[in-house]
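Note that the structure is predicted; figures quoted are calculated from it, not measured. Start at 1 and go down the list; that is how both ligands and their atoms are numbered.
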Amino acid sequence: MTTGEIQVIRGLADVYFDRTESSFIDGKKGVLLYRGYNIHDLADNSTFEETSYLLIHGSLPTRSQLAEFDAQLRSSREIPDEIVGIIRAVKASHPMDVLRTAVSALSAYDPDAGDNSHEATLRKGLRLTAQVPTIVMTHYAIREGRQPVAPRSDLNHATNFLYMFAGEVPDEDTASLMDKDFILHAEHGSNASSFTARVVIGTNADIHGAITAAIASLSGPAHGGAAEGVMKMALEIGEPENAARYVKDLLSEGGRVMGFGHRVYRAEDPRARHLRAGVQKLSEDVGEPKWFGILEAVIEAMQPYARRGIHVNVDFFAGVIYYLNGIPEDLFVPIFAVGRMPGWVLQVLEQQQNNILLRPRLVYTGPEEQPYVPIEQR
Ligand code: CMC
């Protein structure tokens, strides 16, 4: 839309507002690189800890760098009792609201509170990356009426996350699929939540504020809520043979198929295929292959939309994986947040390093200047 000489780009679609060394996305070809490394290589070969180091520090770690980084994460998982108390006080809220509240409150207990130097922000970012899973699972236990399961420092990030959920150590396949899911969600350029974090940092506010705001941004269904939406859809569809009719009815009512479409990708989201294999295996392993069948039938029904650049995105398969692990639907977005932590930390650090106030403008379309009318004359 053009207003006089001013061009308004609603939603800032395809607007470049800065440079980044974080990640590269070619939406037409379906390519995603973290710090120059292809997401396919990372999903197949890396771990969440190694990918987090790569994102935050800019290069793949040596063995000793990785060991030190991992040790820092493992030793930072505990949350203060006061935060557990706050979680108890707001336990009836959606887990994303609880997470947002707890992350915000954590700033009061952080030893680096008030220090916004690069080093302090890095330390706070690592602590938050380690603490966010504990917050999510502490809340989950409390609202179930159970004692929270304390994190274990002898387990890796993904295994510990599932351990805190179920109270028992998951098998290797399950843990490795969750690890892959975290890698795939770890970073994605200037998406809504990372942009939100940058806007907050642009005012020289601190990382707890930026990540609190990013969590709020992620909580919306157009961003982080899609995996939950896909699972609701799959449950409503019920059987693969119902999928075509369901999709047709939804689209004819102007609805959107969750887990499809993306602001940047016009080709298939390269992250999706790594979780597809996971859904297939998991649904066969648990003796419920129909879940994979339902998703495949939805993809088939959405084929005509592929011509318009609407393909599956990363969240299409994620929800069913969580569901088959027994994880309740309202924990799906918090899982996205757990995975996205290193990306948010990276975006915060990068914004801080070359900071600028992010302050775009709006074209005014309200009334012209009006005479002020005293209240008794209105
Ligand atoms: N189902 C049906 N139609 C769709 C869909 C969909 N999932 N996505 C886009 N469209 C249509 C839309 O109706 C519109 O059609 P028309 O031009 O006839 O009005 C056209 O495609 C363009 O849509 P848009 O909303 O202008 O495009 P956008 O770039 O703003 O939308 C999106 C991006 C992700 C918000 C949207 O595709 C959507 O709502 N998808 C479903 C939610 C979802 O899966 N979100 C997760 C995104 S991946 C995780 C992440 O990175 O956050």
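A 6.0 Å sphere centred on CD of E376 holds more than 12 heavy atoms belonging to other residues, nucleotides or ligands. Atom CG of D14 has 12 or fewer neighbouring heavy atoms from other residues, nucleotides or ligands inside a 6.0 Å radius.
Shortest contact from atom 49 (C) of ligand 1 to any protein heavy atom: D315 OD2, 3.5 Å. Counting only heavy atoms of the protein, atom 43 (C) of ligand 1 lies nearest to A226 CB, 3.5 Å. With respect to atom 31 (O) of ligand 1, the closest heavy atom belonging to the protein is R256 NH1, 4.0 Å. Among all protein heavy atoms, the one lying closest to atom 47 (C) of ligand 1 is N313 ND2, 3.6 Å.
Annotation: side chain of I294 is not in contact with side chain of E239 (no heavy-atom distance under 4.5 Å). With contacts defined as side-chain heavy-atom distances shorter than 4.5 Å, the pair H188/L32 qualifies. Between R273 and F317 the shortest side-chain heavy-atom distance does not fall below 4.5 Å.
Ligand 1 lies out of reach of N191, whose nearest heavy atom is not under 4.0 Å from it. The closest approach between a heavy atom of L251 and any atom of ligand 1 is below 4.0 Å.
In this structure, OH on Y34 lies 3.5 Å from CD1 on I39, to the nearest 0.5 angstrom. Between the OG1 atom of T51 and the CD1 atom of I183 there is a distance of 4.0 Å, given to the nearest 0.5 Å.
Taking a distance limit of 4.0 Å, we find that atom 18 (O) of ligand 1 is approached by some protein heavy atom. The protein does not reach atom 22 (C) of ligand 1 closely, with no heavy atom under 4.0 angstrom from it. Less than 4.0 angstrom separates atom 40 (N) of ligand 1 from at least one non-hydrogen atom of the protein.
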Exercise for review: Give the C-alpha distance, both sets of side-chain angles, the deciding distance and a yes or no for salt bridge (charged side-chain N to carboxylate O under 4.0 Å, His left out) between E228 and K232.
Suggested key: CA-CA 6 Å; E228 192 175 337; K232 284 200 174 97; 3.3 Å; yes
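Between D110 and K124 no salt bridge is recorded (no basic side-chain N to carboxylate O distance below 4.0 Å).
Of the candidates H311, R308, H262, R271, R308 brings a heavy atom nearest to atom 14 (C) of ligand 1. Nearest to atom 30 (O) of ligand 1 by heavy atom, out of H223, M258, R263, R340, is R263.
Here is the list of ligand 1 atoms found below 4.0 Å of a heavy atom in G261: 34 (C), 37 (O). Close approach of ligand 1 to G259 (heavy-atom distance below 4.0 Å) involves ligand atoms 43 (C), 44 (O).
Annotation: F336 places no N or O atom under 3.5 Å from an N or O atom of ligand 1; distance criterion only. Some N or O of V257 is nearer than 3.5 Å to an N or O of ligand 1, by distance alone.
Ring centroids of H274 and H40 are separated by less than 6.0 Å, placing the two rings close together.
At a 4.0 Å heavy-atom cut-off, ligand 1 touches I310 through the side chain alone.
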